[in-house]
Q: 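Okay, here's the structure, questions in a sec.
In what follows, chains carry the letters A, B, and so on, assigned in the order in which the sequence lines appear, proteins first and then strands, with residues in each chain numbered from 1.
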Protein chains: 2
Amino acid sequence: MDVKTLCLGLLSVRPACGYDLKKTFGTSFKHFFPAGYGSIYPALADLAAKGLVNCEEIPQVGKPDRKVYSITKAGERAFIDALNRTEPQHKLRSEFLAMIYFADLMDDNRLAEVLDDHVEQLRETVRYIEHQEMAGSKTAGASFVAGFGAVIAQAAAEYIESHRHMLTPAPESEPQEDALTNCKWAANG
Amino acid sequence: MDVKTLCLGLLSVRPACGYDLKKTFGTSFKHFFPAGYGSIYPALADLAAKGLVNCEEIPQVGKPDRKVYSITKAGERAFIDALNRTEPQHKLRSEFLAMIYFADLMDDNRLAEVLDDHVEQLRETVRYIEHQEMAGSKTAGASFVAGFGAVIAQAAAEYIESHRHMLTPAPESEPQEDALTNCKWAANG
DNA sequence: TTAGGCATGTAAAGTGTTACATGATTTG
DNA sequence: CAAATCATGTAACACTTTACATGCCTAA
């Protein structure tokens with residue numbers, strides 16, 4: 001399932017222009033399937049060429065015509081079809097985790113910064129989803145997906161905070177007395 | 001950070017051939033940075049051309065020479081440098097979630113199948129990490145990353161199981177009596 | 001007056017995925 | 001006897017990302 005198919009899906013909910021779709025990809029879809037103009041506009045042109053969507057150009061003053069795309073019957077069929085045929089992949093690509101894998105080669109300050117930033121980003125994601133997405137979700141699917149994002153981000157933030165001590169050799173000030181300090185899996189119930 | 005840089009990082013741990021690296025990308029790195037031969041072999045050739053790794057060809061019978069790559073001083077510097085400069089992205093691309101977003105357009109059986117399969121896959125990931133990765137992790141970073149993967153997969157599986165009822169209109173047999181059944185965020189503490 | 005929102009798109013570069021091509025040895 | 005493992009690589013294809021190109025309106 002690519003950006004093109006997802007555009008089709010979003011247009012099955014309501015008509016929209018490329019700019020509108022970009023907003024959706026940049027907010028609701030951001031945490032699991034972000035996309036930019038460079039993918040969206042060609043996708044829309046392609047869908048229109050295949051007769052899966054119609055395009056109505058609405059003249060505007062001071063900006064380009066607003067091209068409002070709406071799904072056709074053929075488009076609806078094609079989307080349902082894609083939904084049933086596509087196998088649901090779920091791929092993470094995390095330079096963050098790759099970096100942490102090599103934490104022992106990193107400068108301590110840099111490591112702390114990377115960890116702090118990532119946790120903050122995750123917490124912001126949780127806040128955003130809980131305030132913006134959950135409130136505004138109309139379909140069950142949208143709510144489920146928003147909730148999923150929030151729960152995962154929350155779990156990730158908690159894991160990082162409760163396990164980051166694993167990554168730093170010693171708390172520098174006092175020499176450790178407790179053997180559990182070095183235990184790899186403490187707090188990993 | 002691309003596959004090339006990660007190959008360099010893995011070679012900073014120990015010398016290896018392309019085949020060995022593929023195994024790492026397909027096991028330890030699978031849940032956050034998978035890669036295939038098509039990325040790895042060109043990456044190694046490139047690293048060698050830049051003098052960041054050396055290549056020793058070990059003749060074998062019945063199979064191609066084993067090309068064992070080892071990192072050079074320049075390679076070590078380059079990797080540390082990449083570690084400090086690269087900004088740690090963390091991107092999910094989930095056709096699974098995209099699909100679920102449109103759950104109301106899906107056939108009930110298909111939806112159940114997709115959900116079941118994904119949960120099973122997540123549980124398998126947890127099992128794998130706990131049995132294979134956690135036991136064999138040598139560095140703190142490797143352990144941390146393995147634990148992260150297990151915790152997230154676990155949380156995802158639990159979320160799906162406890163919230164999938166949101167996606168199906170009614171439990172078919174008996175008409176629902178409890179108003180909470182339809183509550184969007186039940187069990188979302 | 002400056003930043004942000006609205007609104008369209010293209011083109012090149014970068015990367016990864018998949019399929020292809022080969023072939024002996026080992027394990028069940 | 002079949003399947004998996006070991007071991008190399010290339011080439012085409014697909015797709016996304018990023019930079020570029022344009023320009024008015026509105027709110028702070």
Q: 5'-most contact on DNA chain C: G62(A) or L44(A), nearest heavy atom basis?
A: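 Its nearest nucleotide being more 5', the pick is G62(A).
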
Q: Specify the separation, in whole Å, of atom NZ of K22(B) and atom P of dT17(C).
A: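 Value for this atom pair: 10 Å.
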
Q: Taking the six-membered ring for Trp, are F79(B) and F102(A) closer than 6.0 Å centroid to centroid?
A: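 For F79(B) and F102(A), the ring centres are under 6.0 Å apart.
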
Q: Would you tell me if any nitrogen or oxygen in the side chain of R93(A) comes within less than 4.0 Å of OP1 or OP2 on dG16(C)?
A: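 Yes, such a contact exists.
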
Q: Going by number, which of residues 4-18 of chain A have a non-hydrogen atom under 4.0 Å from DNA chain C?
A: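 DNA chain C contact set from residues 4-18 of chain A: C17(A), G18(A).
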
Q: Between Y41(B) (OH) and dG16(C) (C1'), how many Å, whole number?
A: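 That distance rounds to 17 Å.
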
Q: Whole-Å distance between dG14(C) P and D2(B) CG?
A: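 Checked: the CG to P distance equals 11 Å.
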
Q: Looking at S94(B) and F33(A), what are the two nearest heavy atoms and their distance?
A: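 Reported closest heavy-atom pair: O-CD1, 3.8 Å.
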
Q: Say you draw a straight line from CG of L122(B) to CZ of F96(B); how long is it, rounded to the nearest 0.5 Å?
A: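 So the gap between those two atoms works out to 7.5 Å.
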
Q: Could you tell me from which nucleotide to which nucleotide of DNA chain D, 5' to 3', there is an atom under 4.0 Å from chain A heavy atoms?
A: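 So the outermost contacting nucleotides come out as dC15(D) to dC24(D).
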
Q: Whole-Å distance between dT22(C) P and Y37(B) OH?
A: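 The distance from OH of Y37(B) to P of dT22(C) comes to 18 Å, rounded to the nearest Å.
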
Q: Would you mind telling me which of E161(B), E158(B), E130(B) makes a salt bridge (charged side-chain N to carboxylate O under 4.0 Å, His left out) with R123(B)?
A: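 In the set E161(B), E158(B), E130(B), the residue that makes a salt bridge (charged side-chain N to carboxylate O under 4.0 Å, His left out) with R123(B) is E161(B).
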
Q: So which atom in L167(B) and which in A103(B) form the shortest heavy-atom distance, rounded to 0.1 Å?
A: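 Distance-wise, the nearest heavy atoms are CD2-CB, 4.0 Å.
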
Q: How close or far is atom C1' of dT17(C) from atom CD of E87(A), stated in whole angstroms?
A: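 After rounding, the reported distance stands at 13 Å.
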
Q: Given atom CG of D46(A) and atom P of dT10(C), what is their separation to the nearest angstrom?
A: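 Taking CG of D46(A) and P of dT10(C), I get 11 Å after rounding.
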
Q: Just by distance, with hydrogens left out, do E133(B) and S28(B) show a side-chain donor and acceptor under 3.5 Å apart?
A: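 Result is yes, a qualifying pair exists.
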
Q: Assign each of G38(A) and K63(A) to its nearest nucleotide of DNA chain D by heavy atoms, then name whichever residue's nucleotide is nearer the 5' end.
A: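 Closest to the 5' end, via its nearest nucleotide, is G38(A).
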
Q: Using a distance-only test with no angle check, is there a side-chain donor-acceptor pair under 3.5 angstrom linking T27(B) and Q132(B)?
A: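 No - no donor-acceptor pair under 3.5 Å links their side chains.
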
Q: Which atom pairs, donor and acceptor, lie under 3.5 Å between side-chain atoms of residues 106-118 of chain B and protein residues at least two apart or in another chain?
A:
unit_1	atom_1	unit_2	atom_2	d
D107(B)	OD2	N109(B)	N	3.1
D107(B)	OD2	R110(B)	N	3.1
R110(B)	NE	L83(A)	O	3.3
R110(B)	NE	N84(A)	O	3.2
R110(B)	NH2	L83(A)	O	3.1
R110(B)	NH2	N84(A)	O	3.3
R110(B)	NH2	T86(A)	O	2.5
D116(B)	OD1	R164(B)	NH1	2.9
D116(B)	OD1	R164(B)	NH2	3.2

Q: Measure the distance from NZ on K23(A) to P on dG5(C) and round it to the nearest whole Å.
A: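 Checked: the NZ to P distance equals 10 Å.
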
Q: Given that K91(B) and Y69(B) both sit by DNA chain D, which one's nearest nucleotide is further toward the 5' end?
A: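 First, find each residue's nearest nucleotide; the 5'-ward one identifies Y69(B).
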
Q: Under the side-chain contact (heavy atoms from CB on, under 4.5 Å) test against L8(A), which residue among L44(A), T72(A), V3(A), L52(A) passes?
A: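 For L8(A), the side-chain contact (heavy atoms from CB on, under 4.5 Å) test succeeds with only one of L44(A), T72(A), V3(A), L52(A), which is L52(A).
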
Q: Please report, rounded to the nearest Å, how far the C1' atom of dG16(C) is from the CD atom of Q89(B).
A: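 Checked: the CD to C1' distance equals 16 Å.
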
Q: So what does V61(A) touch, heavy atoms closer than 4.0 Å: a base, only the sugar-phosphate, or nothing?
A: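 The answer is nothing, as V61(A) stays clear of every strand by at least 4.0 Å.
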
